[in-house]
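Please read the structure below before turning to the comments.
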Amino acid sequence: MSIEVPIVYILAGIVTLLAAVVASFFLLKKKQTGDTILLLGVSDAGKTALYTLIRFGKKALTVTSMKENEGSVTLGNKTFGLVDMPGHERIRYRYSEFLPVARGIVFVVDSTTISRQIRSVAEYLYNVLASLEAQNRKLPVLIACNKADMITALPKDKIQTLLEAEINRLRGTRTAAVEQQNSEGDDQEGFLGYEGEAFKFEHLESIVDFEVCSVQKEEIDSVTGWIESL
Ligand SMILES: Nc1nc2c(ncn2[C@@H]2O[C@H](COP(=O)(O)OP(=O)(O)OP(=O)(O)O)[C@@H](O)[C@H]2O)c(=O)[nH]1
Ligand SMILES: [Mg+2]
């Protein structure tokens with residue numbers, strides 16, 4: 001004996017299935033084409049000062065942030081979401097929540113204190129670059145060398161050399177530790193650069209650019225221009 005299924009039920013089934021396919025396609029697409037620019041970097045680099053200048057076109061006095069600032073900006077004819085993530089060690093890790101909607105990362109460094117802070121700056125940058133989400137999506141990164149108005153500011157090529165040397169050192173210790181853990185654990189971090197070669201930013205699949213800026217002197221065209229070009 002055969003059971004007859006009314007044609008309307010079959011049609012309804014097909015329509016539901018199609019709707020689900022279309023909806024998941026759009027959801028996935030949305031995830032891949034985020035328009036958010038993340039401002040990251042250690043405390044006191046000038047992220048909130050930069051955020052305020054980009055968003056409101058004026059400078060403001062800032063204090064250490066304990067919460068992220070979020071808003072939208074229009075540069076050229078494109079609109080971006082802008083997130084200023086506090087550099088405080090206990091809060092900064094939350095940047096990863098924004099990676100799925102990120103279009104690019106502006107990593108702000110204080111060019112006057114970078115030599116002293118190289119360890120913590122490089123560690124933070126390492127985490128960002130090695131996160132699988134950032135690697136899989138090949139998120140472009142701008143290292144914004146801020147506070148160029150100060151005579152103690154290092155030039156950007158010097159900052160690049162310092163960061164490459166420190167990331168190279170960190171990579172040695174980290175990969176050793178990961179190999180020990182990984183007999184059973186899962187890998188949350190990708191390898192940075194080429195094995196057996198000293199670390200260079202140009203070895204990464206993500207593009208990493210360096211630009212000089214000064215929020216103090218309102219000279220941030222290098223940063224806004226970079227964002228606009230994304
Ligand atoms: N000389 C100089 N000082 C700057 C510049 N940009 C920011 N500053 C100063 O640097 C200090 C820190 O700036 P913030 O924007 O608060 O730093 P932040 O990166 O948001 O720090 P956290 O919120 O703690 O992560 C402030 O006193 C700013 O006025 C700059 O281009 N030149
Ligand atoms: Mg801040």
Side-chain angles (χ1 to χ4, degrees), residues 36-73 75 80-99 101-131 134 139-160 162-163 166-167 170 208-228 230:
T36 299
I37 306 299
L38 299 181
L39 301 181
L40 307 181
V42 301
S43 202
D44 207 45
K47 300 176 296 295
T48 306
L50 179 63
Y51 171 89
T52 314
L53 189 55
I54 295 178
R55 236 193 116 209
F56 306 110
K58 59 178 188 215
K59 285 189 290 180
L61 287 178
T62 57
V63 289
T64 288
S65 313
M66 295 310 262
K67 198 179 174 303
E68 55 270 25
N69 291 302
E70 273 187 83
S72 70
V73 283
L75 298 169
F80 297 94
L82 196 61
V83 176
D84 159 31
M85 185 57 64
H88 189 290
E89 286 190 33
R90 294 224 210 103
I91 311 173
R92 64 164 75 140
Y93 72 90
R94 289 215 300 257
Y95 75 87
S96 57
E97 291 169 21
F98 292 92
L99 287 179
V101 293
R103 179 80 188 82
I105 294 169
V106 175
F107 192 91
V108 186
V109 303
D110 179 339
S111 316
T112 70
T113 57
I114 182 78
S115 303
R116 274 191 280 132
Q117 296 191 314
I118 191 68
R119 192 72 196 255
S120 58
V121 173
E123 236 160 16
Y124 189 5
L125 183 58
Y126 192 114
N127 287 340
V128 173
L129 294 173
S131 74
L139 282 178
V141 178
L142 174 69
I143 312 289
C145 306
N146 191 30
K147 309 201 184 181
D149 52 285
M150 309 272 280
I151 47 163
T152 47
L154 292 185
K156 66 176 182 179
D157 50 341
K158 176 74 182 158
I159 294 176
Q160 176 168 352
L162 283 173
L163 282 171
E166 189 61 30
I167 288 178
L170 279 171
V208 182
D209 293 313
F210 282 74
E211 293 290 354
V212 168
C213 68
S214 166
V215 176
Q216 178 67 35
K217 285 175 88 180
E218 304 195 10
E219 288 170 0
I220 57 162
D221 286 358
S222 54
V223 177
T224 49
W226 184 86
I227 296 173
E228 216 179 302
L230 292 177

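Each ligand, and each atom within it, is numbered from 1 in the order the structure gives. Count residues from 1 along the sequence. As the structure is a computational prediction, the values presented were derived from the model and not from experiment.
Taking only nitrogen or oxygen atoms, main chain and side chain alike, Lys147 reaches within less than 3.5 Å of ligand 1. Note: an N/O pair closer than 3.5 Å links Gly87 and ligand 1 by distance alone.
Per-residue contacts place Ala45 under 4.0 angstrom from the following atoms of ligand 1 (heavy atoms of the residue considered): 17 (O), 19 (O). Atom numbering of ligand 1 starts at 1 in the shown order; those under 4.0 Å from a heavy atom of Met150 are 1 (N). Short contacts between ligand 1 and Ala49, defined as distances under 4.0 Å to a heavy atom of the residue, involve ligand atoms 7 (C), 15 (O). With ligand atoms numbered from 1 in the order given, ligand 1 contributes 23 (O), 24 (O) to contacts under 4.0 Å with heavy atoms of Thr64. Numbered from 1 in the order shown, with element, the atoms of ligand 1 that lie under 4.0 Å from a heavy atom of Ser214 read 31 (O). Listed by number with element, the atoms of ligand 1 under 4.0 angstrom from any heavy atom of Ser65 are 22 (P), 23 (O), 24 (O).
At a heavy-atom cutoff of 4.0 Å, ligand 1 is contacted by the backbone of Pro86 but not by its side chain. At a heavy-atom cutoff of 4.0 Å, ligand 1 is contacted by the side chain of Asn146 but not by its backbone. At a heavy-atom distance under 4.0 Å, only side-chain atoms of Asp149, from C-beta outward, approach ligand 1.
Listed for the Lys47 side chain is a donor-acceptor partner under 3.5 Å among the backbone atoms of Gly41. For Ser222 (side chain) and Val212 (main-chain N/O), a donor-acceptor pair under 3.5 Å exists by modelled atom type. Within the 3.5 Å criterion, the main-chain N or O of Val108 finds no donor-acceptor partner in the side chain of Asn146. Not a single donor-acceptor pair under 3.5 Å links the side chain of Ser214 to the backbone N or O of Lys147.
Distances from the Mg ion (ligand 2) under 2.8 Å pick out these protein N/O/S atoms: Thr48 OG1, Ser65 OG.
Comparing Val215, Asp44, Val109, Thr62 by heavy-atom distance to atom 16 (O) of ligand 1, the nearest is Thr62.
Scanning the protein heavy atoms around atom 20 (O) of ligand 1, the nearest turns out to be Thr48 OG1, 2.8 Å. At the top of the distance list for atom 22 (P) of ligand 1, counting protein heavy atoms only, stands Ser43 OG, 3.5 Å. From the protein, the heavy atom lying nearest to atom 17 (O) of ligand 1 is Gly46 N, 3.2 Å. Protein heavy atom nearest atom 19 (O) of ligand 1, with residue, atom name and distance: Lys47 NZ, 2.7 Å.
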Next item on the list: Could you walk me through whether Leu170 and Glu123 pass the side chain to side chain contact (heavy atoms under 4.5 Å, CB included) test, one step at a time?
Entry: CA-CA 7 Å; Leu170 279 171; Glu123 236 160 16; 3.9 Å; yes

Next item on the list: Give the C-alpha distance, both sets of side-chain angles, the deciding distance and a yes or no for side chain to side chain contact (heavy atoms under 4.5 Å, CB included) between Leu129 and Phe107.
Entry: CA-CA 11 Å; Leu129 294 173; Phe107 192 91; over 6 Å; no

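In terms of heavy-atom proximity, Leu154 sits nearest to Ser115 at CD1-OG, 3.5 Å. Cys145 and Phe210 make their closest contact through SG-CD2, 4.1 Å (heavy atoms, listed as atom of the first residue, atom of the second, distance). When every heavy atom of Ala144 is checked against every heavy atom of Val106, the shortest pair comes out as CB-CG1, 3.9 Å. Contact detail for Glu166 and Ala122: the closest heavy-atom pair is CG-CB, 3.4 Å. In terms of heavy atoms, Leu139 sits closest to Ala102 at CD2-O, 3.5 Å.
Counting only residues at least two apart or in different chains, side chain to side chain donor-acceptor pair (under 3.5 Å) contacts with residues 49-65 comprise Thr48-Ser65, Tyr51-Arg55.
Protein heavy atoms are absent from the space less than 4.0 angstrom from atom 29 (O) of ligand 1.
Assignment of Gly41 to the shell around ligand 1 is not supported, since no heavy atom sits closer than 4.0 Å.
Atom CD1 of residue Ile227 and atom CG of residue Leu82 lie 6.0 Å apart, to the nearest 0.5 angstrom. Residue Leu40 holds its CG atom at 11.0 Å from CD of Glu68, rounded to the nearest 0.5 Å.
Judged by a 6.0 Å distance limit and a 45° cone about the ring axis, Arg103 is not positioned over the six-membered ring of Phe80.
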